[in-house]
Protein chains: 2
Amino acid sequence: MTVTLKDIAAVAGVSHSTVSRALNGNPMIPPETAVRIRKIADELGYVPNTIASGLRRTHSKVLGVLVRRIDDAFLAEVLQGIEDVLYAEGYGLFLATSRRKPEREQAIFRSMSERRVDGVIVCSTEVSQEHLHQLSKFGVPTVLINNQAAIEMAHSVTHDDMSGGLALTRHLIELGHSRIAYLGHSRTGRITRDRLAGYKEALNQAGLPYRAEYVAAGPNGSAEGGAMGMEKLLKVDVRPTAVVCFNDMMAIGAMHALRQAGFGVPEDCSVTGFDNIPLSQYVNPPLTTFHQPRYELGTEAAEMMLRLLSRKHKNLNAAETIALRGRLVVRESSGPPPDGTRNGQ
Amino acid sequence: MTVTLKDIAAVAGVSHSTVSRALNGNPMIPPETAVRIRKIADELGYVPNTIASGLRRTHSKVLGVLVRRIDDAFLAEVLQGIEDVLYAEGYGLFLATSRRKPEREQAIFRSMSERRVDGVIVCSTEVSQEHLHQLSKFGVPTVLINNQAAIEMAHSVTHDDMSGGLALTRHLIELGHSRIAYLGHSRTGRITRDRLAGYKEALNQAGLPYRAEYVAAGPNGSAEGGAMGMEKLLKVDVRPTAVVCFNDMMAIGAMHALRQAGFGVPEDCSVTGFDNIPLSQYVNPPLTTFHQPRYELGTEAAEMMLRLLSRKHKNLNAAETIALRGRLVVRESSGPPPDGTRNGQ
DNA sequence: AATTTTTGCGCAAACCTTTGCGTGGATGAT
DNA sequence: ATCATCCACGCAAAGGTTTGCGCAAAAATT
């Protein structure tokens, strides 16, 4: 049924080795023979069997990508970045989502090992050190994107969360705010801490006090989580006049909760997000946020992986981290504090 | 380096065939032998080589998925639906994005053929009849999701666009609108036509005239496209009091353009979207839209593909289409028309 | 006890490609 | 004419698995 090298060889009157070499551009085969064979292959409708060639060669030209979930504006764009460079380099992309289930993650790593992917890119998931170790034991290189727990001896690309938290908070301070809250996300580790650290640092630099009651966390990173977190903050005695949210979706939820409670944004309370997801500019009011180089996170990770694969002498030990910088995006959800709160509380 | 069946066989003192059979649960091997072998395999850290087994077997247990792009709220959720059922069934997911480039699409189909995927799911892209034919020639079954051009003899799952357009328009009519515009998307084929058809049908049923000047198209399906389309509609002599947009992002753009021009939504002009993307409830005002069963589109397509693969006697000819129904979601972007336009213009 | 059946497993081929090594013929040098 | 060189290609092994067939030993039947 399907045509193989042997079939082409029979028609061309050569051995299948010659066909293989001709098709792979091996210089051993003179050009005229090569084009003749190529032509016959095309006429016969030959489609090389990557799976057979992968068996003989050592690599599969496929990269595994593990991501928490696909239907997330942030991750989707990172994925697109990865896919674009993999496509350009002729690599395939084997995708799986962990959905935060450790057993699913486990199964995925196994499946990727079995499929002999050349490497795996792990994106924004709480991946355990052991799993990664298990992979590296098989010589499967790994690149981490925004890993939650800082993992030793790993290749990773991250964005600079701390400077983002700092930039947003400083922006609010410059607008005159002093009662600034931080609305985090209880299920994320390093990232929420880093952003919180930036927030604290900004307060510190401005000589403003840090108040524990101004730090709340939503149960998750969605709009619902933001709304729930905001409701907590609204119960504080002296309400904050600005809130730095963990991400844009939470900020959107927070604004929703504020509106529900009868407060205007930014008149009564400024709100900032984080990530600059495409939507943040279309909500009303458009969101002040910190832009993440999402797409670039993907491309950088993919390129790092490709570099890793090209230097065959896998000195996987040499850890490497590249940190991408974001930028403050000021829109209309942040403004001066309400009158009377300008200086001090 | 890596441990193979042969290594296990050596330790267990049997042949590698026996190991293979034991590990695959072949009843020929008595249970006690099987568990003994299984144990040795585990101790040795054996990881089956799917690529070798795929060579011997005829199938790869991998499905190709071709999608226009990943960073699109709609497609991402469809993808998640696909991934979830594939994961549950032990299938892998090989992902590629066409990004509307025909040559890229071509290359992707080729790459998928070469990788011997068991089938491909094509999602919402303007895929040509020939490409699909090329795949089916190789016995690679195909399932289409929301294909733009209705393609003959194909398996596909779609949503019912016409009834969506009809439901939205009827909703506006019931609110009292008579000057209702349709804002389409010039780059999509069947879908925009179907929604338009539903719009016309609703007008027709209500005895309202269809006016060509009330039908505009944006250059693309994004918020920018919606804004640009809306600007055209605002130039019409007698402005519409409601506009049915092709999708939510365009609706968001349209609302933006209306605000820029000093009009209120819905006081001056109602706006409806299509898709009910997660964000549509968080924009201000929250968007009236037509919910698409995105996730289910994915799961249905994956399940259809799996059914296709299970009946080995590939009677691929038997076309099959399943249409999923959506539902109207009324929020605050639609309301009664401004005074004085209620009856007639 | 002799014969048949069953059980448990090994042999080897097959899947398709890549590649080290070898070979026969042509070409060039002496 | 003889020998070394080189060119173009073929042979066969290798990569890891699955599986039809066969075979010896054990069990069951007579």
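Since we're looking at a predicted model, the values are computed, not measured. Chain identifiers are assigned alphabetically (A, B, ...) following the order of the sequence lines, protein sequences preceding nucleic acid strands; residue numbering begins at 1 within each chain. Only this structure's heavy atoms are used, side chains among them; waters, hydrogens and symmetry mates stay out.
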Qualifying residue for side chain to side chain donor-acceptor pair (under 3.5 Å) with B:Thr97, from B:Glu105, B:Arg69, B:Arg104 = B:Arg104
inquiry  = Could you work out how much the helix from C:dA1-D:dT30 to C:dT30-D:dA1 bends, comparing the axis of its first five pairs with that of its last five, to 10°?
reply    = 50°
The single option from A:Asp42, A:Val14, A:Ile40, A:Thr18 passing side-chain contact (heavy atoms from CB on, under 4.5 Å) against A:Ile8 = A:Ile40
Whole angstrom value for the distance that separates C1' of D:dA8 from CD of A:Glu32 = 11 Å
ask   = Across the strands shown, which category fits A:Thr33 at heavy-atom distances under 4.0 angstrom: base, sugar-phosphate, nothing?
value = sugar-phosphate
task = For each nucleotide in nucleotides 16-22 of chain D, reading 5' to 3', give B when a protein heavy atom comes within less than 4.0 Å of its base, S when such contact involves only the sugar-phosphate, and - otherwise.
result = BBBBB--
key: Non-neighbouring partners of A:Ala22 that pass side chain to side chain contact (heavy atoms under 4.5 Å, CB included), sequence neighbours left out   = A:Ile29, A:Ala34, A:Ile37
key: Side chains of B:Asp84 and B:Tyr295, donor plus acceptor under 3.5 Å   = yes
ask   = To the nearest Å, how far apart are B:Arg115 CZ and C:dT17 C1'?
value = 15 Å
inquiry  = When you compare the side chain of A:Val62 with that of A:Arg115, does any pair of heavy atoms fall below 4.5 Å?
reply    = no
ask   = Do B:Ser111 and A:Tyr87 have side chains that get closer than 4.5 Å, going by heavy atoms?
value = no
inquiry  = Could you tell me if the side chain of B:Val140 sits less than 4.5 Å from the side chain of B:Val120, heavy atoms only?
reply    = yes
query = Can A:Arg110 and A:Glu114 be said to form a salt bridge (Lys or Arg N to Asp or Glu O under 4.0 Å), step by step?
reply = CA-CA 6 Å; A:Arg110 173 148 197 111; A:Glu114 294 186 359; 3.2 Å; yes
task = In whole angstrom, give the distance that lies between atom CG of B:Asp7 and atom P of D:dG15.
result = 11 Å
ask   = Whole-Å distance between D:dG10 C1' and A:Ile29 CD1?
value = 10 Å
